[in-house]
Amino acid sequence: MNPGTPDADTPNSRSAALTSLHAAVALFGFAGLFGKWLALPPATIVLGRTFVAAVALGALLALRRELRGPFEWRLGLNGVVLAVHWVAFFQAIQLAGVAIGLLGFATFPAFVLLLEWSFLKRRTRPGEWLLAAIAMLGLVLIVPDFQWSNQVVQGVLWGVLSGATFALLAVCNRALASRREPLAIAFWQSACAAVCLLPVLVLVPVIVTPRDLELILVLGLLCTALAHTLFIRSLRILSAHTASVVVALEPVYGIALAAVLLGEIPGMSTLAGGALIVGATLWATLRSPGT
């Protein structure tokens, strides 16, 4: 809970913040389903998503009279990383399904640990490495065999790349978050991701149908701009620690939505591996000090 926030200690405001947070995380998980609904290359999907999100976030900043702040090269680099993250995410889903893509992405805390230990020289505890190993074991359970020709193997690797690049983005954003508004960061990174993917229009020409455009609008507005707005709004009242616990549930929401809306029911090995990955993430978060 953030001290000094008006009405932050009232039950109604906390309940509303938790509702916003869970809605945001559910929308993040819901985004994975668009990888199945859209018969477009992942880079084209991400180009549309980031363009729509940048326009919507720019309009929101203008309505709230918040400054976007000046562009800086770190935002550009983060935009490139964001583009790679989302392209890898949708590639994993198109190859191996929503559950595989989300669970591969869910390994990102292990990469955050590795990056902080390697580059920020953060002191780690043996328990943290144990939890990272448990998450990796979960991945092993998901993979039926280790032949590259197997689409599940390819999907897992793309999902892990998605998690690794998200971890890199999270670590890089920490320095920016201390001096830039979160919505402004999201705007610049979405805009830069869209710009770096513009060559896709020439290199990978595709026919985009009216239905594709409708889905891209929903993906950009609902699952990106609105989801980020709800997430950031919840952090005005809830602690980052609470938010981390709920974010760990993203694969659960996404897999449940895929089961209902796509009829994708994960097998027992996927569920067992997913339980290890999500369980390790939740345990690591609950063991960390509240912030």
When clusters are formed by joining ILVMFWY residues with side-chain heavy atoms under 4.5 Å apart, either directly or through shared neighbours, do Leu262 and Leu38 land in the same one? yes

Joint hydrophobic cluster, Ile277 plus Trp129, side-chain heavy atoms closer than 4.5 Å: no

Test side chain to side chain contact (heavy atoms under 4.5 Å, CB included), reference Thr44, set Ile216, Leu197, Val206, Asp212, output is Val206

Quickly, which of Leu276, Leu157, Val160 forms a side chain to side chain contact (heavy atoms under 4.5 Å, CB included) with Leu139? Name it, please. Val160

Ser118 (side chain) donor-acceptor with Leu115 (main chain) under 3.5 angstrom: no

Please confirm whether the backbone N or O of Leu75 pairs with a side-chain atom of Asn78, one donor and one acceptor, at under 3.5 Å? no

Listing, residues 81-88 side-chain donor-acceptor contacts under 3.5 Å, not counting sequence neighbours, or none:
| unit_1 | atom_1 | unit_2 | atom_2 | d |
| --- | --- | --- | --- | --- |
| His85 | ND1 | Ser162 | O | 2.9 |
| His85 | ND1 | Ser162 | OG | 3.1 |

How many angstroms lie between [atom1] in [X] and [atom2] in [Y], if you round to the nearest 0.5 Å?
X	Y	atom1	atom2	result
Leu57	Leu183	CG	CG	6.5 Å
Phe34	Ile93	CZ	CD1	11.0 Å
Glu264	Thr270	CD	OG1	10.5 Å

Other cluster members, [X] - Ile/Leu/Val/Met/Phe/Trp/Tyr, side-chain contacts below 4.5 Å:
X	result
Leu271	Met268
Ile207	none
Leu77	Trp73

For the residue pair Phe30 and Tyr253, establish whether any side-chain heavy-atom pair is separated by less than 4.5 Å. no

Validation: residues 94-110 side-chain donor-acceptor distances under 3.5 Å, sequence neighbours left out:
| unit_1 | atom_1 | unit_2 | atom_2 | d |
| --- | --- | --- | --- | --- |
| Gln94 | NE2 | Gly35 | O | 3.3 |
| Gln94 | NE2 | Leu40 | O | 2.9 |
| Thr107 | OG1 | Gly104 | O | 2.7 |

Taken in chain and number order and not counting sequence neighbours, the residues that satisfy side chain to side chain donor-acceptor pair (under 3.5 Å) with Thr19 are none

Arg233-Ser20 side chain donor-acceptor pair, cut-off 3.5 Å: no

